[in-house]
Amino acid sequence: MTKLTTMQSAILVDLFDQLPVGDEVDTLDFSLSGNFSGKFCAAYAEIENIAEKAFVVFTLPTYTNHVFMGVTKANELTVARMLANLEDYEREHSLQLSLGEVVVIPNYSDGSEGYPHALLLTKTTTSVDLENVPDLLRIQQKEIKCFCVIPLSEKELNIRNTHGHDALIDHFVEQDKSLFFFTG
């Protein structure tokens with residue numbers, strides 16, 4: 001079991017109350033590759049009352065005031081690491097990501113099909129599984145922003161870069177875009 005800070009515990013309890021998950025939540029702590037030796041923390045739980053087994057995965061911030069959340073049907077640890085990379089990006093660059101931003105994942109894929117090329121930050125209400133999570137939590141006199149993170153393919157990133165955010169959303173609707181990181 002991962003030892004959580006008081007803030008991480010409070011965030012976990014708050015999110016647990018908002019998410020459609022079962023009684024079990026697994027927490028993870030891990031280091032990312034590179035020169036930084038700090039640890040990152042994430043959690044995941046199975047989503048209840050859906051046809052196929054799926055999980056919500058989210059960071060428990062250590063270095064920022066942002067919770068990055070995603071849904072997946074497989075590879076929960078890989079998704080946790082991808083989301084932790086967003087927190088690491090903020091930490092490393094001393095910045096705060098905001099709604100609508102895209103972060104390209106350099107060299108993340110091992111060449112396997114289905115790995116995202118980039119990550120898009122959206123409102124939590126973007127996903128029906130996260131719709132009860134507010135975009136802003138107030139915990140211990142701190143504001144914690146929550147984002148639904150959507151994986152993007154290289155083609156989707158090109159659409160956004162060439163034609164804009166609205167064109168990307170239109171493409172999502174036309175293609176019935178899945179919000180899952182991995183589908184199994």
Side-chain angles (χ1 to χ4, degrees), residues 1-16 19 21-22 24-47 53-99 101-122 124 127 129-130 133 137 139-140 142-154 157 179-184:
M1 180 79 176
T2 303
K3 182 165 172 51
L4 302 177
T5 65
T6 304
M7 176 64 82
Q8 290 169 330
S9 295
I11 291 169
L12 182 61
V13 167
D14 201 327
L15 291 177
F16 189 78
L19 292 167
V21 296
E24 270 190 55
V25 174
D26 290 312
T27 56
L28 309 162
D29 69 333
F30 47 84
S31 295
L32 299 172
S33 61
N35 296 331
F36 182 66
S37 62
K39 295 268 189 179
F40 294 86
C41 191
Y44 67 94
E46 187 172 348
I47 301 170
K53 188 174 187 174
F55 301 88
V56 60
V57 182
F58 51 92
T59 58
L60 294 169
T62 303
Y63 308 100
T64 68
N65 288 334
H66 290 160
V67 173
F68 300 107
M69 310 177 80
V71 290
T72 190
K73 293 183 181 178
N75 303 334
E76 302 90 328
L77 180 57
T78 300
V79 174
R81 288 182 179 281
M82 287 182 196
L83 298 175
N85 270 290
L86 294 172
E87 182 179 4
D88 190 41
Y89 182 83
E90 288 185 321
R91 179 205 57 78
E92 186 176 326
H93 297 285
S94 298
L95 58 79
Q96 299 229 343
L97 295 170
S98 59
L99 193 62
E101 285 197 63
V102 171
V103 177
V104 175
I105 307 171
N107 304 319
Y108 197 87
S109 173
D110 64 359
S112 300
E113 278 296 312
Y115 275 79
H117 181 72
L119 303 174
L120 170 67
L121 276 58
T122 65
T124 53
S127 169
D129 299 310
L130 306 177
V133 176
L137 302 172
I139 298 176
Q140 300 175 357
K142 287 189 176 184
E143 290 186 348
I144 308 295
K145 289 185 182 177
C146 298
F147 296 100
C148 172
V149 179
I150 298 176
L152 297 180
S153 67
E154 190 170 1
L157 179 62
L179 301 183
F180 289 101
F181 272 79
F182 298 100
T183 55

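For reference, positions follow the sequence shown, starting with 1. Any value given below was found using the heavy atoms of this structure, including those in side chains, with hydrogens, waters and symmetry copies removed.
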Donor-acceptor under 3.5 Å (Glu101 side chain, Ser98 main chain): yes
Flag side-chain contact, heavy atom, 4.5 Å: Ser127 against Val71: yes
Atom pair CG (Leu137) and CG (Asp14), whose distance is rounded to the nearest 0.5 Å: 5.0 Å
Spacing of Met82 atom CE and Leu32 atom CG [to the nearest 0.5 Å]: 12.0 Å
For the student: nearest non-hydrogen atoms of Leu119 and Pro151, plus distance: CD2-CA, 4.1 Å
Check: Thr124 side chain, Val133 main-chain N or O, donor-acceptor pair, under 3.5 Å: yes
Flag side-chain contact, heavy atom, 4.5 Å: Thr183 against Phe180: yes
Reported OG-to-CD1 distance for the pair Ser9 and Ile139, which is rounded to 0.5 angstrom: 10.5 Å
Side chain proximity check, Val56 to Asp129, heavy atoms < 4.5 angstrom: no
Run the side-chain donor-acceptor check on residues 61-69: report pairs under 3.5 Å with partners two or more places apart or on a different chain.
{"residue": "Thr62", "atom": "OG1", "partner": "Gln8", "partner atom": "NE2", "Å": "3.0"}
{"residue": "Tyr63", "atom": "OH", "partner": "Lys39", "partner atom": "N", "Å": "3.1"}
{"residue": "Tyr63", "atom": "OH", "partner": "Lys39", "partner atom": "O", "Å": "3.0"}
{"residue": "Thr64", "atom": "OG1", "partner": "His66", "partner atom": "N", "Å": "3.4"}
{"residue": "Thr64", "atom": "OG1", "partner": "Glu90", "partner atom": "OE1", "Å": "3.3"}
{"residue": "His66", "atom": "ND1", "partner": "Glu90", "partner atom": "OE1", "Å": "3.3"}
{"residue": "His66", "atom": "ND1", "partner": "Glu90", "partner atom": "OE2", "Å": "2.5"}
{"residue": "His66", "atom": "NE2", "partner": "Gln96", "partner atom": "OE1", "Å": "3.2"}

Gln140, CD: over 12 other non-hydrogen atoms inside 6.0 angstrom: yes
Distance (rounded to the nearest 0.5 Å) between Leu77 CG and Asp26 CG: 11.0 Å
side-chain contact (heavy atoms from CB on, under 4.5 Å) involving Glu154 - partner list, sequence neighbours excluded: His117, Asn158
Val149 side chain reached by Phe181 side chain, heavy atoms, under 4.5 Å: yes
Considering all heavy atoms, the nearest Leu4-Cys41 contact: CD2-SG, 3.4 Å
4.5 Å side-chain heavy-atom contact, Leu121 and Leu86: yes
Residue pair Phe40 / Leu60, side-chain heavy-atom distance below 4.5 Å: no
Within-4.5 Å side-chain heavy-atom neighbours: Phe55 and Lys73: no
Spacing of CG belonging to Asn75 relative to CZ belonging to Phe182, to within rounding of 0.5 Å: 5.0 Å
